[in-house]
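Quick note on labels: first sequence line is chain A, next is B, and so on, each numbered from 1. Keep in mind the model is a prediction, meaning the values are calculated, not measured.
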Number of protein chains: 4
Amino acid sequence: MPATTHRTAAARTRRPDERPEEILEAALTVFAERGYRPATMEAIAREAGITKGTIYLYFENKEELFVSMVREKLRELAALLPPVAYEPGMDFAKILKEAGQKYLEVMMTPRAAQLMSLMIGQYNQVPGLRSLYLEEVIPRGNMELARLLELGQQVGLVRPLDTVIAARSLFGMFFIFVLTQEVFGAKAVTPMSPEMIADTVASIWLEGVLERGNPS
Amino acid sequence: MPATTHRTAAARTRRPDERPEEILEAALTVFAERGYRPATMEAIAREAGITKGTIYLYFENKEELFVSMVREKLRELAALLPPVAYEPGMDFAKILKEAGQKYLEVMMTPRAAQLMSLMIGQYNQVPGLRSLYLEEVIPRGNMELARLLELGQQVGLVRPLDTVIAARSLFGMFFIFVLTQEVFGAKAVTPMSPEMIADTVASIWLEGVLERGNPS
Amino acid sequence: MPATTHRTAAARTRRPDERPEEILEAALTVFAERGYRPATMEAIAREAGITKGTIYLYFENKEELFVSMVREKLRELAALLPPVAYEPGMDFAKILKEAGQKYLEVMMTPRAAQLMSLMIGQYNQVPGLRSLYLEEVIPRGNMELARLLELGQQVGLVRPLDTVIAARSLFGMFFIFVLTQEVFGAKAVTPMSPEMIADTVASIWLEGVLERGNPS
Amino acid sequence: MPATTHRTAAARTRRPDERPEEILEAALTVFAERGYRPATMEAIAREAGITKGTIYLYFENKEELFVSMVREKLRELAALLPPVAYEPGMDFAKILKEAGQKYLEVMMTPRAAQLMSLMIGQYNQVPGLRSLYLEEVIPRGNMELARLLELGQQVGLVRPLDTVIAARSLFGMFFIFVLTQEVFGAKAVTPMSPEMIADTVASIWLEGVLERGNPS
DNA sequence: TATGAATGAGTATTCATTCAT
DNA sequence: TATGAATGAATACTCATTCAT
């Protein structure tokens, strides 16, 4: 029957409204730094300026904290990306380049890249991530563009090809740079400006996708 | 006691030369199934049909085992890919499609995809992986194609664009399908044949990269 | 803002005087269900319809709550048992049987049995229980009967034997049924009616204790 | 990726055959001293002269260790009790007194009493204990005696009464002394010799059970 | 070489207790 | 009085690594 005595914590501040957000932020930092397993709840708490036990007031366990963090941070990233709206008469190529530029600007940052890396690494170990990807990432990032391409095909602007594959290809072209430059640290070896990447990638994809006769 | 008892001959059959290989094979299986941290030396040993201690006769520790496994399996995969040789007069498009097809054939398998996933997830936690990637993957997979493009530019076949970016883009186009279809399990949701992917991707990239006047 | 909002009147109804009692009641329920250690202050509070912190307004800590609960509930049980009064000329056997019946009626209930079980299990871990037993249980339950027996011996009704041992034996005869039937759940395997038990036990003990010549 | 270095343990002795027994012995000591929950695996290991991890080589978890310990120690106690054999012509009373004496001799020891106390306290928290009690304790300790009584009834030696209740009563008479004297520490307050207890208890029970006409 | 018993550092999680409001 | 957010000590259990055989 232990009678534990506690010191009077100086900073026993109550901020129930902001806590979850702060914890998620700290979680991303620590998970990104060490990886899912090596990241300790203790370290996350310290990073958030609280103590271990407090995390458990807001999250069931480490796994739920991880999934919540990924969901929240994905949403924050998604919120930074402007919706790609296309209407007849607009400059397709320009829209695409600008969208690509914006995408790289957001994704080619250490934080975003680390988030990707964490997701990929834990994808098959953490059940909650699957639905996150299938329900939030695919529909938004992929299907929208595919539908845009179908539209283009109907007006003869886009070559006849599988639009889902084409759309995902573009995503892959961008993604590989996020992965190599940021996650794999290749930017120290082969530095490339996001502008240059966006320009080149967009032009290759556009030329490859548009109908011959139509100047991009 | 005239009757000596022997263990079965089979149990005594030792193949010391094949041990490391068997261990690496078992390691890939178990690492892929559980991820780096949750994979236990015990489980790897069991998978290899030996006991824990024996692994340490061949590998310094878990990390070295992991890096050795990745290196070995990457080499095995690389060995399956035929070198892309191009000589003037050859059908550039056909070569590319066939190479892409072969690439997907090799990479769009659970094992290869799991290897990728493991690499990405551990990349920043396991020092040895960095050099592996920078020294083995980039030069072979990327620089070769970039040089090929430069050649194409010199003879006016390829548009003037950053060849390293273009080359890596192609890799990304393929890689995204390995990642999504195999690692993320999207193939259950949006099934696509490797042939269709290779064809579509190759044609987009080629059209996007080749000079206008030159029919692919 | 002219319209003041009130919480429901019921929610504000506070019965400070009944609080400790309610908490003790909840404590017995939860302690009995889970055991001393696994029972959490949180669960006890919830059971009592209050919050954790409130318990500490009435009890120093978990241990004191436990001891207080045991003391209170023992008293409540004791209050249910009528005092065994004997005066010359009364039917000794009948008194005993009725007292035994009453005792079993009170003790052979899940709640009483759980209380016993808790006491026994924590006896040597919780200092306060010792004095409770030595000062409240022994004198009342045991010594009274022993004195009664001495009286019987003086008038030649009871055989010459150690009265304390004889008295405690009777208690043990009853107790073993409380323990086995209620605590150990043997009543599901070997069901016995309290009446039958009381009758049989009382008759054995009486026959064993009374002087030969005296018909019970 | 922590690389833990271990000191060379001086006493890394391998004794797989004796380990389980040693651990069970240590477990009884520590469980008895502190109770189930407060007893730590660390303390049990230290008591056994080994380290925590080693316990887990032999027992699944704390609960299994506890149940295994109770089972083993109950068996050891049971082995100390000679079987009560009765054949016509033997002195029933003498047999009973001697058996009771032996029982108390074995059970009225701190270790045995602590084991009882542990069992009672954990009975409803630890599933494995239920079957232990129902399958091992009841049949051996109770049913044998009940059958003996039935035999006595058939030859007119024993009064007509419920033999199961009578048998269990005797057990209770003894058990209450184990409980009060050893577990509750009443022996410091009301010391009684086991011989005196056995004699008194046996004589009361016998007189109460035997047919009037038959001198015990 | 191979074994597998032993080690012990490391960690997620729980929960009694405190205290600002 | 009452709340409930915050604390942090405590602990079962895991598993990479060692080493006597």
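- If you check every strand for non-hydrogen atoms under 4.0 Å, C:Ala43 touches nothing.
- Salt bridge status for B:Glu76 with B:Arg71: absent, with no side-chain N to carboxylate O gap under 4.0 Å.
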Using Watson-Crick or G-U wobble pairs with both distances under 3.5 Å, give me DNA chain F in dot-bracket, 5' to 3', with [ ] for crossers and | for pairs to another strand. .||||||||||||||||||||
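- Atoms CD (C:Glu42) and P (E:dT13) sit 19 Å apart, rounded to a whole Å.
- Here E:dA6 presents its P atom at 10 Å from CD of D:Glu18, a figure rounded to the nearest Å.
- Among E:dT1, F:dA5, E:dT17, the nucleotide with an atom closest to any side-chain atom of A:Leu57 is F:dA5.
- Atom pair D:Arg46:CZ and E:dA6:P shows a separation of 19 Å (rounding to whole Å applied).
- Of the possible polar contacts, none joining the D:Tyr58 side chain to the D:Pro20 backbone as a donor-acceptor pair under 3.5 Å is found.
- The closest donor-acceptor contact from the side chain of D:Glu47 to the backbone of D:Ala43 lies at 3.5 Å or more, if one exists at all.
- Residue A:Thr51 places its side chain closer to F:dG8 than to any other of E:dA6, F:dG4, F:dG8.
- Note that the OH atom of B:Tyr133 and the CG atom of B:Leu74 stand 11.5 Å from one another [nearest 0.5 Å].
- Sequence order on DNA chain E of the closest nucleotides to A:Ala39 and D:Arg37 puts A:Ala39 first from the 5' end.
- Proximity note for C:Met41 (side chain, C-beta onward) versus E:dT13, F:dG4, E:dA16: the nearest is E:dA16.
- Panel note: side chain A:Asn124, backbone B:Glu33; no donor-acceptor pair is recorded below 3.5 Å.
- Here D:Phe59 lies out of heavy-atom contact (under 4.0 Å) with every strand.
- In this structure, D:Thr54 does not reach the E:dA6 phosphate: none of its side-chain N or O atoms is under 4.0 Å from OP1 or OP2.
- In terms of phosphate contacts, D:Tyr56 brings no side-chain nitrogen or oxygen within less than 4.0 Å of OP1 or OP2 of E:dT7.
- In this entry the distance linking NZ of B:Lys52 with C1' of F:dC15 reads 7 Å, nearest Å.
- Within residues 62-69 of chain A, no residue has a heavy atom under 4.0 Å from DNA chain F.
- Across F:dC15, E:dA12, E:dG4, the shortest atom-to-atom separation from the side chain of B:Thr40 is found for F:dC15.
- Within the nucleic acid shown, B:Ala45 has no heavy atom closer than 4.0 Å to any nucleic acid atom.
- Ionic pairing of C:Glu72 and C:Arg75 is not present here: no N-O contact between side-chain nitrogen and carboxylate oxygen is shorter than 4.0 angstrom.
- For F:dA6, one of the phosphate oxygens OP1 or OP2 lies less than 4.0 angstrom from a side-chain nitrogen or oxygen of A:Arg19.
- Results of the side chain to side chain contact (heavy atoms under 4.5 Å, CB included) test with B:Phe59 over B:Asn61, B:Ile55, B:Leu57 single out B:Ile55 as the only residue that passes.
- Atom CD of A:Glu60 is separated from atom P of E:dA12 by 16 Å (rounded to the nearest Å).
- For D:Arg34 and F:dA10, the CZ to P distance is 12 Å, given to the nearest whole Å.
- If you find the closest nucleotide of DNA chain E to D:Ile50 and to B:Gly53, the one lying nearer the 5' end belongs to B:Gly53.
- The main-chain N or O of B:Thr40 is never found under 3.5 Å from a side-chain atom of B:Lys52 such that the two would form a donor-acceptor pair.
- Taking OG of B:Ser68 as the start and CD of B:Glu21 as the end, the distance is 13.0 Å to the nearest 0.5 Å.
- If you measure from atom CG of A:Asn61 to atom P of E:dT11, you get 17 Å, rounded to the nearest angstrom.
- Atom-to-atom, OH of B:Tyr36 to P of F:dC15 comes out at 13 Å; the value is rounded to the nearest Å.
- Rounded to the nearest 0.5 Å, atoms OH (C:Tyr56) and CD1 (C:Ile23) are 11.5 Å apart.
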